[in-house]
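Reckoned from all heavy atoms, side chains included, excluding hydrogens, waters and symmetry mates.
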Amino acid sequence: MSNPTFGAARKTDHLVSRTKELSQIQKAIYSPGAETRLIIIEAEGGMGKTRLLQEVLNRTGHPNAPYPVQDPKKKWGATDCIIVTDLLDLANVQLYTFHHFIWALRDAFSWHKAAKFANFDRARAYHQRKLFEQADFATIRQAEEQAEISFFRDYQALANQYRLVWLLDTAEQLNFIGAPWLLNEGLLTFDDLSFSTQQRLAQLLAQDKLPNTTILLAGRPQKAKLYFDRLKSKENGAGYTYQLSSIPLENFNRQETREYLVELAKNWSQQEPASQMAAYLKLMAHNEDQADVLWLYTGGQPVRLALYIDVLAEGKKVPEALQVSFAEAKTQVGWDEATDQADKAKLQEIQFQIEDEFINLIFDRAGELRSQILRILAQARRGLDEHHLHFILDADPGTKVESWEEDPARLKEIREELRNMVGLSFIKTTPAGQLILQDEMYSIYDKHAAADETTRQDESRSRQVLYHQLLSLVNAEIKQLTGQIKSYRLADERDLRWESPAQALSLRFGFVAETELKTRSYVNERLFQAQVENLFYELRIDPYKTLNNTYFDLAESRRLSNLEGDAQLLNELWRVLNDELAHQFIQLSPLEETSEQSELWEGLERAAQQEEVARWIKRFLFSKQYHRAIEFAEQVEAFINTLPRKSRGTLGWTLGHTFSRGERACWHEFARITIGQDRQNAIRRMEETVLDLQRLLTPEGIPERGEKNFLEHPAQVRLQGVIGTIYKNLGLGYTGQGQFRKAAKAYTGGLRYFREAEIEGQLAITLNNLSRVLSELGRQTRAVRVCQDGLNHRGDEAGLAYSYNTLALIYNKNLQPDNAWPEATKAVVYFRRLEDARGLGLALRQLGEALRRLAFSSHPSVHSREELLNVAEDATLEALDIFTNTPNVNAEVMRRIEVEIELGCLYRDYMHYVKDLSDSHPGQETRWRRFRDKALQYLDEAVTLAETHQYPSHQLDAQVNLVWTNYYAGDANQAETLCNQILAGLANKPFLIHKNQAPPAPEKIDETYVFFQLGKLWGVKGRIAFDQFQDRIRVIEQESSNKAAVYEKVRMDAEANQNLRAAAEAFVLSLGYAQLFSADSSGIGIAFDQLYNYLKKFNVVEMELFYKYQHQARQDYRVTEIKPENLADVEQFLLESFGDFLPEDVKQEVR
Amino acid sequence: MSELFSPHLFVGREIELEELIVWVTARDVFRRLITLAAPPGYGKSWLLYELEKRLAGRRDLFIIRVPLLELRSRAEMLKWLLSILEQAKHACSNIRDAAPGDTLESIIFRLLEDLCQHCGPTVRPILIVDNFDEVHPNEREMLEKQLLEQFWRNLCVRIIIATRDEFGLSSFNLRRGEERKYLSVFKPPEGQAQLEKRAASTDTPVLPPAELLPLIRPYQWTNPGLNTCLYEKAKRRRLGQQNPLLTPDDLKNCWLIPIESRSNQVSVSLAVIESDLKAIISEETWTVETFAQICNYSRSVALNHIDSMMTLGLLSSERQRYKVVDGLREIIRAEVGLRRGEMS
């Protein structure tokens, strides 16, 4: 036939039947009153739910009505009192989150000039900017909340004037995605789902927040059961305010089936009267017996009717079953007159035969573009556009996407064909405007594509080829978009206008115009959608591997701020898990020789549930709901302990598996460490967990629990990721304890796993954390190297900003403020744009320290040191405000302590500076006293907090700084007292240098920070002793003007000698501790500077005495026996930079 | 009729003939239209000639062979119909003449009414439509509507249409009444019998089939059309005392030349099709992906080539697998084998 292929399956312009249903809807829209009315339209796939909603558009005179009503009798009442939305398809998974939903809702009203939503539009633009900037969760949440408030303000105003009618299709998507037992068992609450459209819509209805509104909600009753039941029973809150009615769509009856045929024939006669199809359909429509046969076989299901008519009109032959009379057909299907029912099995057999003919049509018409597209759509199961199709159809085998050149004429041809296909009954259009098939069509195609084993295998191979082609397309797009985003960032950094460090706080990224911002937002969103597409196809190529790799990685990288993105990923995963027909074409690699495909799919589902539990803990964590994360983890663990764990292949087994428990423990304990809750135990549990998990990577596995190893298992990579993450989290725990050597070992342990599993994001974070710890260990060059490596692995702005911040920290530690301040400033600028409060607090603290140190450097680059000190004060105070007052962020007490210490140091140095000035500038007394008091206050507060929350390194740091502050304030006695208190507190510790004892071996001491702080402490003690010596010398000099006599007196003066001995001893110890800390320690230089400053004024006698006492002290404390770690040792370097890769036999040899 | 399809050389197909004769002569049948579907060379025409021969002389039947290629307009149809009218008068004296101005439809209506009701005894018209696939699709639609449907309307008429499997009818009525019968290739013994009959038909057999049979393995002489062509070529060579009896080109020409006349129905040249077939011939059945991979074609090019080969009746499909039709597959393999032999 010369008709377009599948042309008979064209949609009809006029809706057939549904009179009663339309009348019900009309009433719900036009009846007087301002109450909320909800109509649930329920029907399985292909029954015409969407068509009914479209008819509402037609009859209400909507400008986007697909089939505008010409007959005035069919038009519904006045249109000036209602506004009907465009049809919103919830199949768009973005609409799963409520904030996206209200955006879409607003846009769906936008065709009406009265629907202004001005407040919301402004709030939305702001929110979009934040999203684009990947701002932190709290900021985005706040912007989102503000947008929502604005939306409902605008909505109320509009609803005062108009009845607002929502058309929502595919409502089954509102069902909870994921493991249902999490909700059923009360482990998750509706509050936890407050970001989701399903929860918010139910709440709004319950709370009567949608006045003068009619909602038409169409969906499949089976799939949407939970949600529909909830709305129907109104168990969604306190309110019972909305009117509810339900429209169950029935199949066409015999009469309606005939009407459908007549309508179809009429359409063809009107549009293409001369066509053979028009004539054919006309004959068919007037053959009532034929119509009845069609009704019998299709059950009056509209989409099936369309297919069968197509087979009748276009199939190579008319299937036997369709050639019989109605009476014969009834016999064939075993019709029971008593029940008016066909024998189900017989009917299905006949349906299969007829549908087979339809599927054959696709293959018989191999040369027709429409057939070709249809098959690709059936296989891809995702919307495709002309660009995809052009590549799939026309690229030669092996063509690289990069070298592929599109042919505009061919593109046009495909585009036109797609446009023509929109009118077919079994075609649907996605919200993005791409074509997909009706679910029923996918189901029919799949059944026939698996009709026998050969066909199934062919189809499976064919899909694999297609998915790989589509993957190559989407990967090329990801590469291009990633490059584009990077270029935006580089341009922004290039445009930063660097001036004086005193301007650091006012540095900002250049203004981004609205149009540019929109482009960037689009690119960002498109990148994510491309990543989701990538996930979609990878899940259909190798689901096990993808669950453990791509899915895991994507979820990790999107975790900070994109809940709807995460929901989308989850949705994609469960789509594959639930699509049983499609499973036939995905070959899962057997984990064991005996594994059946069905068992493997069940195993995959359990693995997904296992991952989901851990994912919820992470979701709470990254939304900074630390306490909820801990509570949820505990409740889940308690529930899992109630599950029987008898054998493999059960949920109890999977969730109770060491891997599963380990993954949950990883994040559960991380939450505790972050807020400092039960930290010691959290660390211990993670230490135990990691050892357990590592056993799963040995050939033996864990035999006493019946758990096999994960070597060559698809989850091996994820297990490696989890082990790496536990090591990383342990590193954080040890850092909090001041156990930096252990922390470094943990981080390098993590690196090993991340490198092996190629988990870039975690690798970058771990390198960053390691560099910080190396810096604490005095390995400054090493720290910078590792940090810059981490920086190179960063992909997102937040990650980059954290790396810049760490670089600043390292430079600060290494007393390189001129290097530190630009890095800290960049971090501040990024975090401000991102509105990441935590990151900003950290970066401001580093900037404060950098500027403080810069102020006292030899080249401060500003006119006045005070200028820098003031900016440093502003920065540090802002940081303190963040870590004290920002909800959730203030849960990290350790950060607040760090800022308090820095503030103490800042005011101490300021005091010292002002005090020095007071000689030349009278009247500074009040100022320096004020600075002193502030310094003491903050440092005292830091000591208290650190003691309370058990951060020993921070406590010592604050204490030593208190000593220095007192010393600089001129209160040597108090300084001395504090020193002695500190030393008394550390008595009997193994890291002390004792008289006549061998000094400690630094490599055996984990609390390396103590060496650093004791170096500083003995430095101040030395200075006090020197000062006292000088005071004594001055007294002696006043007593005699004879130089020789003075010399002699000094030589003989007990007090002077005692002071000088104490000073020598203190500096020997100070330098001894500095060496113990690191041969590269900045403390060594500082001590020598101080020593030099004193000694350069000494006379011969004083020199001789000092030389003598230092010699004595060196012998007493045996400092010559100190063996600082050899930083030039290659093996040490390897262990600290990469971890332990030493082969076992070499280790034996070393031992 | 071509000498190649001479009924006196006919062999095999006894079951099919028997079924057709029963169907033609039965008082009531379930379907009044049979479509004989098979690839070229399978002997559809030969079978129809044989059927016609066996039915000849039966006074209760009136065989109407429809010369499709001569009926490209209503005028030609009318002219042909008048000639049928004349023939019908020999079968039955009650046939009314056509009057000037009579339409095609009214002439057919009256003719059938006369044959089926007014003749004594009544005569059943049997329409034989051969080579239906050779007509352009648009002309086919016209023929179906203006001619075949008109005959079809009378319940006493039976129609046999021979076509390649690729084609479907477009008329609503004809489609609903259609029964499709598929002809398969000969079994090897039938092919051998065909050759023997052909060899025996000459006074002095110059080429005993036994000499010919093993020459072009794996072809097993199962395609009646190819068998005839190959035998005649070999016979000529024997007469000319040439060796070998069959060359690779002979094998190629025997399947390629008969479809040359239809090459305008497809978008791909026969040379390309030949090359495609040779590339894929090692596979028994194959998918579009395999074909595209072997020939290094894009998907659309592969599908277009497949479509062309199906239009020419060189391929058949079952679900998503395609295969070169039986007989042709083996002859191409044989050709490839012979060429390899020549090379070596």
* Asked: Any ion pair linking B/K181 and B/E19 (charged N to carboxylate O, less than 4.0 Å)?
  ->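 Looking at B/K181 together with B/E19, the answer is yes, because their closest N to O distance falls below 4.0 Å.
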
* Counting a contact as any heavy-atom pair under 4.5 Å apart, which residues of residues 281-297 of chain B contact chain A? ->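 Under the 4.5 Å heavy-atom cut-off, B/T287, B/V288, B/E289, B/A292, B/N296, B/Y297 qualify.
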
* **Contact listing (chain B partner; residues 382-393 of chain A; heavy atom under 4.5 Å)** =>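 Counting heavy atoms that sit under 4.5 Å from chain B, the residues of residues 382-393 of chain A involved are A/I392, A/L393.
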
* To do: Would you please say whether a donor-acceptor pair under 3.5 Å links the side chains of A/Q457 and A/E453?
  =>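 There is such a pair between these side chains.
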
* Can you check whether B/F132 reaches B/K44 side chain to side chain, under 4.5 Å on heavy atoms? ->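 No, their side chains stay 4.5 Å or more apart.
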
* Asked: For B/R140, is it the side chain, the backbone, both or neither that has a heavy atom under 4.5 Å from a heavy atom of chain A?
  ->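 For B/R140, no heavy atom lies under 4.5 Å from chain A.
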
* Will you find, in the side chains of A/Y445 and A/E459, an N or O donor that is under 3.5 Å from an N or O acceptor? ->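 The criterion, which ignores hydrogens and geometry beyond distance, is satisfied for A/E459 and A/Y445.
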
* Taking side chain as C-beta onward, heavy atoms only, is B/I161 less than 4.5 Å from B/L169? ->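 Yes; the side chains approach each other to less than 4.5 Å.
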
* Tell me, out of A/D458, A/D356, A/D396, who's got the most heavy-atom pairs with chain B below 4.5 Å. =>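 Counting heavy-atom pairs under 4.5 Å, the top option is A/D458.
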
* Which one of A/I376, A/V465, A/V324 has the most heavy-atom pairs closer than 4.5 Å to chain B? ->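 The answer is A/I376.
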
* To do: Would you mind checking which part of A/N360 comes under 4.5 Å of any heavy atom in chain B, side chain (CB onward), backbone (N, CA, C, O), both or neither?
  =>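 When you check distances to chain B, only side chain atoms of A/N360 fall under 4.5 Å.
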
* **Contacting region of B/R176 [heavy-atom separation from chain A under 4.5 Å]** =>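 For B/R176, the contact with chain A is made by backbone and side chain together.
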
* May I ask you to check whether A/Q587 and A/S460 show a side-chain donor-acceptor distance below 3.5 Å? =>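 Note: A/Q587 and A/S460 side chains miss the donor-acceptor criterion.
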
* **Which portion of A/L281 sits near chain B, non-hydrogen atoms under 4.5 angstrom** =>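 Contact with chain B is absent: no heavy atom of A/L281 under 4.5 Å.
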
* **A/S325 and A/D289: side chain donor to acceptor below 3.5 Å** =>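 No - no donor-acceptor pair under 3.5 Å links their side chains.
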
* Among side-chain atoms of B/R299 and A/Q372, is any donor-acceptor pair under 3.5 angstrom? ->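 Short answer, no.
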
* Asked: Does B/L303 offer a backbone N or O that forms a donor-acceptor pair with the side chain of B/D307 under 3.5 Å?
  ->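 Not a single qualifying donor-acceptor pair exists.
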
* Do other residues, nucleotides or ligands put more than 12 heavy atoms under 6.0 Å from A/F326 CZ? ->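 Yes, because the 6.0 Å sphere around CZ of A/F326 holds more than 12 heavy atoms from other groups.
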
* Quick one: do the B/E178 and A/Q323 side chains pair a donor with an acceptor below 3.5 Å? ->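 Note: B/E178 and A/Q323 side chains miss the donor-acceptor criterion.
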
* Please confirm whether the backbone N or O of A/L581 pairs with a side-chain atom of A/Q584, one donor and one acceptor, at under 3.5 Å? =>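 Yes; at least one donor-acceptor contact below 3.5 Å.
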
* Give the intermediate values and the outcome of side chain to side chain contact (heavy atoms under 4.5 Å, CB included) for residues B/V325 and B/Y42. => CA-CA 10 Å; B/V325 295; B/Y42 274 40; 3.7 Å; yes

* To do: Side chain from CB out, backbone as N, CA, C, O: work out which of these in A/L283 comes under 4.5 Å of a heavy atom of chain B, or both, or neither.
  =>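 A/L283 touches chain B through backbone and side-chain heavy atoms alike.
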
